[in-house]
Trainee: 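First the structure, which I've put down as structure tokens, then a few questions once you've had a look.
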Amino acid sequence: MSAREEILARVREALSGVERDPDPVDSPRITALTDHETLVDLFAERVADYRAVVERCASDELPERVAAALSDAGSVVVAPDLDLEVPRSVHDTDLTSGELDGIDAVVTTAAVGIAETGTIVLDHGPGQGRRAISLVPDTHVCIVYADQVVHDVPDAVALLDPTRPLTWISGPSATSDIELSRVEGVHGPRNLHVVIVS
């Protein structure tokens, strides 16, 4: 018997005398979040809780907002198929890790945004590029369209292809040392700027 089978057998045994509730009660929080605009508001709030910069704009304002977010960046990398003109950008054509390390910022789109957790998921499809470009530069400007925002992780997983490489981002990269001093930028971008497009 594998460890998995053993654990599942224990769970089944523990639940053997428990009757299923034929009519589960909906969580009031889930019911309250059926309005999509409320979901997008919650997503923006949760992303900001992670110390990310969050702003919202209309689609015609997007180029200006992205340019403003990159005002301090000397160099920017984008996926070859990003459908947006980005100032001072180079297209990723298999840049080496050393070349990526010399680039200040990256601009990508996202596959999905999760309201409940404030998480952005990249599946490295169109506009997102390969995983390295979203992890090496110090600043990540990520474009999330309002219609990509879902309520929770199960909703996101239902939309994602598990055979694709997935990068789940919950705020700027951060870790703590043994004295609980927060250190940012160790495992990915130190700065996350999210532009939500309505």
Side-chain angles (χ1 to χ4, degrees), residues 40 43-44 46-47 50-57 59-114 117-150 153 155-175 184-198:
V40 177
F43 173 70
R46 294 286 166 88
V47 172
Y50 285 115
R51 299 184 185 180
V53 174
V54 181
E55 62 179 307
R56 296 173 77 165
C57 71
S59 58
D60 62 333
E61 300 172 305
L62 181 61
E64 180 184 329
R65 297 295 181 96
V66 169
L70 297 168
S71 62
D72 294 336
S75 56
V76 182
V77 64
V78 298
D81 55 0
L82 181 70
D83 189 23
L84 179 70
E85 191 65 36
V86 178
R88 301 175 310 284
S89 66
V90 296
H91 290 277
D92 176 39
T93 52
D94 292 328
L95 296 169
T96 67
S97 58
E99 290 169 325
L100 283 173
D101 195 40
I103 293 177
D104 300 320
V106 58
V107 178
T108 72
T109 57
V112 68
I114 305 172
T117 61
T119 302
I120 298 161
V121 185
L122 277 62
D123 66 1
H124 304 284
Q128 299 168 49
R130 61 191 172 111
R131 182 176 249 165
I133 71 169
S134 64
L135 296 176
V136 178
D138 202 42
T139 297
H140 183 180
V141 177
C142 188
I143 301 161
V144 179
Y145 290 89
D147 63 1
Q148 293 178 301
V149 176
V150 298
V153 173
D155 291 339
V157 169
L159 296 175
L160 295 166
D161 179 351
T163 64
R164 296 192 58 80
L166 301 175
T167 303
W168 296 64
I169 301 167
S170 295
S173 169
T175 190
E184 296 179 344
V186 176
H187 308 292
R190 180 187 325 265
N191 305 298
L192 177 63
H193 191 117
V194 179
V195 182
I196 304 170
V197 184
S198 299

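Everything numeric in this text was worked out from a predicted model, so none of it was measured.
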Trainee: Of all heavy-atom pairs between A79 and G127, which one has the smallest distance, and what is that distance?
Mentor: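 Between these two residues, the closest heavy atoms are CB-C, 3.9 Å.
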
Trainee: Enumerate, atom names and distances included, each donor-acceptor pair closer than 3.5 Å involving a side-chain atom of residues 155-166, sequence neighbours excluded.
Mentor:
from	atom 1	to	atom 2	distance (Å)
D161	OD1	T163	N	2.9
D161	OD1	T163	OG1	2.6
D161	OD2	T163	OG1	3.1
R164	NE	D123	O	3.0
R164	NH2	D123	O	3.1
R164	NH2	H124	O	2.9

Trainee: Which value, rounded to the nearest 0.5 Å, describes the distance between L135 atom CG and T167 atom OG1?
Mentor: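 Spacing of CG (L135) from OG1 (T167) equals 5.5 Å.
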
Trainee: Could you tell me whether the side chain of V78 reaches within less than 4.5 Å of the side chain of L84, counting heavy atoms only?
Mentor: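 With C-beta onward as the side chain, the pair stays apart.
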
Trainee: Should V53 and N191 count as side-chain neighbours, where that means a heavy-atom distance under 4.5 Å?
Mentor: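 No, their side chains stay 4.5 Å or more apart.
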
Trainee: If we only count heavy atoms from C-beta on, is the W168 to I114 side-chain gap below 4.5 Å?
Mentor: yes

Trainee: Just verifying a value: how many Å separate I120 CD1 and I196 CD1, rounded to the nearest 0.5 Å?
Mentor: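 Going from the CD1 atom of I120 to the CD1 atom of I196 covers 8.0 Å.
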
Trainee: For the residue pair L100 and I133, establish whether any side-chain heavy-atom pair is separated by less than 4.5 Å.
Mentor: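 Yes - at least one pair of side-chain heavy atoms lies under 4.5 Å apart.
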
Trainee: State the CD-OG1 distance between Q128 and T108, to the nearest 0.5 angstrom.
Mentor: 6.0 Å

Trainee: Are R130 and L95 side-chain neighbours, meaning at least one heavy-atom pair lies under 4.5 Å?
Mentor: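 In short, these two side chains touch, coming nearer than 4.5 Å.
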
Trainee: Check P126 against D81 and note the closest heavy-atom contact, atom names and distance.
Mentor: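 Heavy atoms of P126 and D81 come nearest at CA-OD2, 3.3 Å.
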
Trainee: Considering non-hydrogen atoms only, spot the tightest contact between L192 and C142 and give its length.
Mentor: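 Where L192 meets C142 most closely, the heavy atoms are CD1-CB, 4.5 Å.
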
Trainee: Consider only side-chain N and O atoms of S134 and H140, and report whether a donor and an acceptor are under 3.5 Å apart.
Mentor: no

Trainee: Answer yes or no: is there a side-chain heavy-atom contact under 4.5 Å between I103 and V136?
Mentor: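 Of all side-chain heavy-atom pairs linking V136 with I103, none is under 4.5 Å.
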
Trainee: Quick check: do V107 and S89 have side-chain heavy atoms less than 4.5 Å from each other?
Mentor: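 With C-beta onward as the side chain, the pair stays apart.
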
Trainee: Which atom pairs, one a donor and one an acceptor, fall under 3.5 Å between side chains of residues 60-69 and the rest of the protein, sequence neighbours left out?
Mentor:
from	atom 1	to	atom 2	distance (Å)
E61	OE1	A58	N	2.7
R65	NH1	E55	OE1	2.8
R65	NH1	R56	O	2.9

Trainee: Would you say the side chain of C57 lies within less than 4.5 Å of the side chain of V195, judging by non-hydrogen atoms?
Mentor: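 SC-SC contact between V195 and C57 confirmed.
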
Trainee: Locate the shortest heavy-atom distance separating D104 from G74; write the atom from each residue and the value.
Mentor: OD2-N, 2.6 Å

